[in-house]
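Lettering follows sequence order; numbering is per chain, from 1.
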Amino acid sequence: MSLLTPLAPTSTLSNNLIIYSSGSIPIIAKELNLKQTVLGGQSFRWIEHNLNEFVGVLGQYVVRLQHQNDNLRYTFFTNSEYEKTFSNDNDRRVETALILHNYFQLTIKLCETFEKWCKIDSRFRKGQIPIGVRILAQQPLENLISFLCSSNNNIQRISKMIKILCEEYGRKIGTLNGMTYYQFPTLDELDRSDLEIRLRELNFGYRARYIKEAVKYIKYTADGGMLFFDRLKTLSTGEARNQLANMMGVSRKIADCVLLMSLGKQDVVPIDTHMYTFAMTYYGLNNENTKKQTLNTLNYNGISSFFEQLWQPLSGWAQAAAFSNEPYSSTNPRDSLQSSMSSLKRSISNDILSEKLFKAIDENNQCQSIKITITLDKLNQKKILTIQPTKEPSKRPRRNVKPIVRF
DNA sequence: ATTCAACCTAGACG
DNA sequence: ACGTCTAGGTTGA
């Protein structure tokens, strides 16, 4: 008998999602770096299921994306209930392509913009900044709540919290390969009297209150409920920012994230602690306004407007790109390894692979290949992960090799 | 006007 | 096993 647990046949994995539409959009690598874009900390709902294959939720659809051969290949899944909405194949293809076109903001030609940045900012010329990081046009409510969760927190945990939030309050979409997907909850679904208490039970901590307050504000205080966000889009950046800051827990940084990522303000540059360090390190921004150690209003303004002017008009995009390759981008270098690990574990349980190649970047920014193998021990059937370089292994394993898995 | 502890928790580290 | 620290911040004193 094999040591591997026999896999249930696909049918018993209760896949009740069907393919709604699939296709591909031609886009070159310079225009889209899919991984950095969906996993870089803008959205917290994408998972790398297999190498270079990402699954997430957009609206009522489960979406699978791959970028290869200058094509963004996509598959939209839905359950049979939604499926009736559009019966015409062509309508579906148009609908889904449009969703992605809007989400990735494909009318913006990143390639040309990047060349502009190279001319004005030498850091872009030096090849340290990845090309193809796009700003996603997200849904405002999801975007806001995600970033309310982000304070004193790390990407891994934020993702977990958002997942739990969707499972608790969102509408179920269906199951695919043993994973069940949920929509992001609507304002009404979140408007429950015990929201804060429940979120605290779910380990949201003090953020539970912020979320409750935000829901109440948008629904009952702001004029027009969800139309609030539409109205913000028509306001100037400054006015919209002030309106957002009326909500408990929304300070400048979170307001800026929402402005950039879901309200179409492409020039807004949010400054977090990492961006702050980044500014000090590479741009020497330690003058009168910014020399303070803590990130106060004054130096936030100073740094933000500096970058805004330097990189305009798509300065928010430049920030996302400039920041995405920083070692700071992961709190813990192991985060990204772990995410690849869990993706690997899923592969195993689906009987796809037991061994997989990754490219890892060490502390010298050198790329090397590593092989990750999963075996099961005989007694407990525990999974054992082994990692080894595919090149000649050094006699003594190097300490401090940061296993940042980026591919 | 500025600074500073407190806030929740998971996971890494010693 | 067990305490300490920190992580994409904000608030209120």
Problem set entry | Which residues share a salt bridge (charged side-chain N to carboxylate O under 4.0 Å, His left out) with A:Asp188, sequence neighbours left out | A:Lys219

Problem set entry | Parallel, tilted or perpendicular, as decided by the 30° and 60° cut-offs, for the rings of A:Phe124 and A:Phe114 | perpendicular

Problem set entry | Residue mapping more 5' on DNA chain C - nearest nucleotide basis, A:Gly249 or A:Met275 | A:Met275

Exercise. Are OP1 or OP2 of B:dC7 and a side-chain N or O of A:Ser151 less than 4.0 angstrom apart?
Worked result: no

For this session: For A:Asn299 and B:dA1, give me the distance from atom CG to atom C1', rounded to whole Å.
Result: 14 Å

For this session: Scan A:Gly41 against the nucleic acid and name what it touches under 4.0 Å (heavy atoms): base, sugar-phosphate only, or nothing.
Result: base

Exercise. Checking side-chain contact (heavy atoms from CB on, under 4.5 Å) for the pair A:Cys111/A:Ile131: CA distance, chi angles, key distance, verdict?
Worked result: CA-CA 8 Å; A:Cys111 203; A:Ile131 304 177; 5.8 Å; no

Exercise. Is the A:Tyr103 ring parallel, tilted or perpendicular to the A:Trp46 ring (thresholds 30°, 60°)?
Worked result: tilted

Problem set entry | Nucleic acid contacts - residues 205-222 of chain A versus DNA chain B, non-hydrogen atoms under 4.0 Å | A:Gly205, A:Tyr206, A:Arg207

For this session: Can you sort out the partners of A:Arg231 under salt bridge (charged side-chain N to carboxylate O under 4.0 Å, His left out), two or more places apart, ordered by chain and number?
Result: none

Problem set entry | ring-ring contact (aromatic ring centres under 6.0 Å, His included) contacts touching residues 161-199 of chain A (sequence neighbours left out) | none

Exercise. Taking only residues two or more places apart in sequence or in another chain, which ones pass side chain to side chain contact (heavy atoms under 4.5 Å, CB included) with A:Phe147?
Worked result: A:Phe44, A:Asn143, A:Ser150, A:Lys253, A:Ile254, A:Cys257, A:Met261

Exercise. Name the one of A:Phe76, A:Tyr74, A:Tyr61 that satisfies ring pair (Phe, Tyr, Trp, His ring centres under 6.0 Å) with A:Tyr20?
Worked result: A:Tyr61

For this session: Could you pull out all residues at least two apart from A:Ser315 that satisfy side chain to side chain donor-acceptor pair (under 3.5 Å)?
Result: none

For this session: Would you mind reading off the distance between A:Tyr276 atom OH and C:dG9 atom P, rounded to a whole angstrom?
Result: 13 Å

Seminar exercise, completed: Listing for DNA chain B: consecutive Watson-Crick or G-U pair runs of at least 3, distance cutoff 3.5 Å, ranges ordered by first number, gives B:3-7 with C:9-13, B:9-14 with C:2-7

For this session: Provide the distance between the two P atoms, one in B:dA1 and one in C:dG9, to the nearest whole Å.
Result: 25 Å

Exercise. For the pair made of CE in A:Met248 and C1' in C:dT10, what is the distance, rounded to whole Å?
Worked result: 9 Å

For this session: To the nearest Å, give me how far apart CG (A:Leu244) and C1' (C:dT10) are.
Result: 15 Å

For this session: Round to a whole Å and report the spacing from CZ of A:Arg157 to C1' of B:dA12.
Result: 14 Å

Can you tabulate the close N/O pairs, meaning under 3.5 Å, that link protein atoms to atoms of nucleotides 2-5 of chain C?
none

Seminar exercise, completed: Between CG of A:Asn296 and P of C:dT11 the distance, given in whole Å, is 15 Å

Problem set entry | Chi angles and distances behind the side-chain contact (heavy atoms from CB on, under 4.5 Å) call for A:Met275, A:Gln319 | CA-CA 8 Å; A:Met275 193 64 197; A:Gln319 185 261 16; 3.6 Å; yes

What donor-acceptor contacts under 3.5 angstrom involve side-chain atoms of residues 66-73 of chain A, with partners at least two apart or in another chain?
residue	atom	partner	partner atom	Å
A:His67	ND1	A:Leu32	O	3.4
A:His67	NE2	A:Ile27	O	2.8
A:Asn71	ND2	A:Asn69	O	3.2

Seminar exercise, completed: Rounded to whole Å, the CG-P distance (A:Leu298 to B:dT3) equals 10 Å

Exercise. Is any side-chain heavy atom of A:Ile218 less than 4.5 Å from a side-chain heavy atom of A:Leu144?
Worked result: yes

Exercise. When you measure from the side chain of A:Lys109 to the backbone N and O of A:Leu106, does any donor-acceptor pair fall under 3.5 Å?
Worked result: yes

Seminar exercise, completed: In whole angstroms, the gap separating P of B:dC8 from CG of A:Leu148 amounts to 15 Å

Problem set entry | Residues touching DNA chain C, which here means a heavy atom under 4.0 Å, drawn from residues 253-265 of chain A | A:Lys253, A:Ile254

For this session: Name the residue closer to the 5' end of DNA chain C, choosing between A:Asp272 and A:Met247 according to the nucleotide with the nearest heavy atom.
Result: A:Asp272

Problem set entry | Distance in Å, A:Leu190 CG paired with A:Ile145 CD1, rounded so as to fall on 0.5 Å steps | 5.0 Å

Exercise. So how far is it from A:Thr113 OG1 to A:Trp311 CH2, rounded to the nearest 0.5 Å?
Worked result: 14.0 Å

For this session: Using the test side chain to side chain donor-acceptor pair (under 3.5 Å), find all partners of A:Gln312 that sit at least two apart in sequence or belong to another chain.
Result: none

For this session: Would you please test A:Glu189 and A:Gln183 for side-chain hydrogen bond (donor to acceptor under 3.5 Å, both in side chains) and show each step?
Result: CA-CA 11 Å; A:Glu189 284 164 347; A:Gln183 291 181 228; over 6 Å; no

Exercise. Which value, in whole Å, describes the distance between the P atoms of nucleotides C:dA13 and B:dC8?
Worked result: 15 Å

Exercise. What residues in residues 158-169 of chain A put a non-hydrogen atom under 4.0 Å from any atom of DNA chain B?
Worked result: A:Lys160

Seminar exercise, completed: Assert: residue with more 5' nearest nucleotide on DNA chain B, out of A:Asn203 and A:Asn152, is A:Asn152

